[in-house]
Every structure is written in structure tokens, then in C-alpha cells.
Amino acid sequence: MKRNEDFFLQVYAVVRLIPEGRVTSYGAIAKYLGTGKSARVVGWAMNNAHNVTPSVPAHRVVNRNGMLTGKHHFAGPDLMQSLLEQEGIKVKDDQVQNFKEIYWNPVDELL
DNA sequence: CGATTGACGTACG
DNA sequence: TCGTACGCCAATC
């Protein structure tokens, strides 16, 4: 049973479920999926997200600090911040403002 | 097949 | 409080 592919699909599914104007962290998704401490794998899933349909709103996924660590992996280095601002999320210095308030925890919302 | 890297997180000093 | 080290899983070299 190829859980690997399923795991990636789960990551995409959760990220797509993130409401607009909200953000989540890799660790939260990892924990929700059961990977627990392996938040890195979630990042790898995002990397592959470019090859997945429909497009995954990876811009809503940031690290635990609320920092746009993966913005450089987007089409443009400022694309991630632009997308977040379009949804009403304020970003300053590659860092999400009010991150704690707009933080969307799948374990708390979905579970 | 072994070593390194990666969009993270936690622990320790 | 800040900086460094380690772990974890998967993919790539």
C-alpha cells in the first residue's frame, strides 16, 4: 500500500481546506496527518505541489514562526506575500502579522 | 547503495 | 534571549 502518495494527497487536501485569510504551519499539518515530528516531509509535499492539480494554496502554509520561509519556491519571491495580502493577511518582513489570530489549526478545526 | 539536502521543529547550551 | 545541534522522513546526487 503506497501510503507515501496518500500522505502527499492528504497534505494537499488539508492545505486546500484552509479558509481564505487563514494560515497554518507545516508542523500542524504533519501532526494532523500523524507524521508528528516530520514536518519536513510536509515541505517536500509542497515542493511537489507544483506538479499537482488543482493547484495547492501553499502560500497559506508557513513555518511555526509565521515566516514565509518557502516564498522563494513560488513563481516569484514576492508572489506568496502578494497572495496572502490579497486574502487580507498582512505580511511584513516575510513574516505574517497577526499570525496567532489567523492561524488555522487542522487538528482543532477538522478533528 | 551511501551521503547530502530540504518550504521544520524541538532540545540544549 | 539567541545560537547551535539533533531528529525525522523522503527525495536527489
Side-chain angles (χ1 to χ4, degrees):
Chain A
M1 313 180 198
K2 300 182 176 183
R3 300 186 194 161
N4 301 23
E5 296 181 2
D6 188 53
F7 166 73
F8 274 57
L9 293 176
Q10 305 238 21
V11 175
Y12 306 141
V14 174
V15 175
R16 280 195 230 115
L17 290 171
I18 300 173
E20 296 182 5
R22 294 284 175 102
V23 293
T24 189
S25 62
Y26 302 94
I29 297 172
K31 187 175 182 180
Y32 173 72
L33 296 179
T35 42
K37 300 169 182 178
S38 303
R40 300 183 133 136
V41 185
V42 178
W44 269 114
M46 296 288 107
N47 193 352
N48 195 37
H50 287 276
N51 195 28
V52 180
T53 45
S55 301
V56 181
H59 61 273
R60 293 182 189 152
V61 185
V62 295
N63 66 352
R64 188 189 173 294
N65 272 321
M67 190 176 189
L68 282 58
T69 48
K71 72 171 197 172
H72 262 291
H73 291 256
F74 284 79
D78 292 326
L79 179 62
M80 187 175 185
Q81 180 172 336
S82 298
L83 291 170
L84 290 173
E85 289 183 338
Q86 285 181 36
E87 296 185 357
I89 300 174
K90 294 178 176 116
V91 181
K92 179 83 178 193
D93 190 37
D94 299 341
Q95 182 178 263
V96 178
Q97 304 299 296
N98 281 347
F99 172 68
K100 184 179 177 183
E101 298 184 20
I102 66 178
Y103 178 68
W104 182 79
N105 189 338
V107 181
D108 185 51
E109 300 291 334
L110 300 179
L111 189 60

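Chain letters run A, B, ... following the sequence lines, proteins first and then strands; every chain starts at 1. Here the structure is a predicted model, which is why all the values come from computation and not from measurement.
For C:dC8 and B:dC1, the P atoms lie 22 Å apart once the distance is rounded to whole Å.
A:V61 places a side-chain heavy atom less than 4.5 Å from the side chain of A:I18. Contact annotation: the side chain of A:F7 approaches that of A:V42 to within less than 4.5 Å [non-hydrogen atoms, C-beta and beyond]. Between A:M80 and A:V62 there is a side-chain heavy-atom pair separated by less than 4.5 Å.
Heavy atoms of A:T35 sit nowhere under 4.0 angstrom from any nucleic acid atom.
Applying the salt bridge (charged side-chain N to carboxylate O under 4.0 Å, His left out) definition to pairs two or more places apart or across chains, none involves residues 22-32 of chain A. Listed by first then second residue, pairs satisfying salt bridge (charged side-chain N to carboxylate O under 4.0 Å, His left out) with a partner in residues 10-21 of chain A number zero, not counting sequence neighbours.
With values rounded to the nearest 0.5 angstrom, A:W44 atom CH2 is found 14.5 Å from A:S38 atom OG.
With B:dA7, C:dC9, B:dG9 as the choices, the nucleotide that has an atom nearest any side-chain atom of A:T69 turns out to be B:dA7.
Going from atom CG of A:L33 over to atom C1' of C:dC8 covers 15 Å, rounded to whole Å. Here C:dA10 presents its P atom at 15 Å from CG of A:L9, a figure rounded to the nearest Å.
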Sequence neighbours excluded and cut-off under 3.5 Å, please list the side-chain donor-acceptor pairs for residues 104-111 of chain A, or say none.
from   : atom 1 : to     : atom 2 : distance (Å)
A:N105 : OD1    : A:V107 : N      : 2.9

Distance-only donor-acceptor pairs under 3.5 Å for side chains of residues 64-79 of chain A, two or more places apart:
from  : atom 1 : to    : atom 2 : distance (Å)
A:K71 : NZ     : A:D94 : OD1    : 2.7
A:K71 : NZ     : A:D94 : OD2    : 3.2

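Scanning residues 72-88 of chain A for heavy-atom distances under 4.0 Å to DNA chain B yields A:H73, A:F74. For DNA chain B, the neighbouring residues in residues 42-67 of chain A, judged by any heavy atom under 4.0 Å, are A:G43, A:W44, A:M46, A:N47, A:H50, A:A58, A:N63, A:R64.
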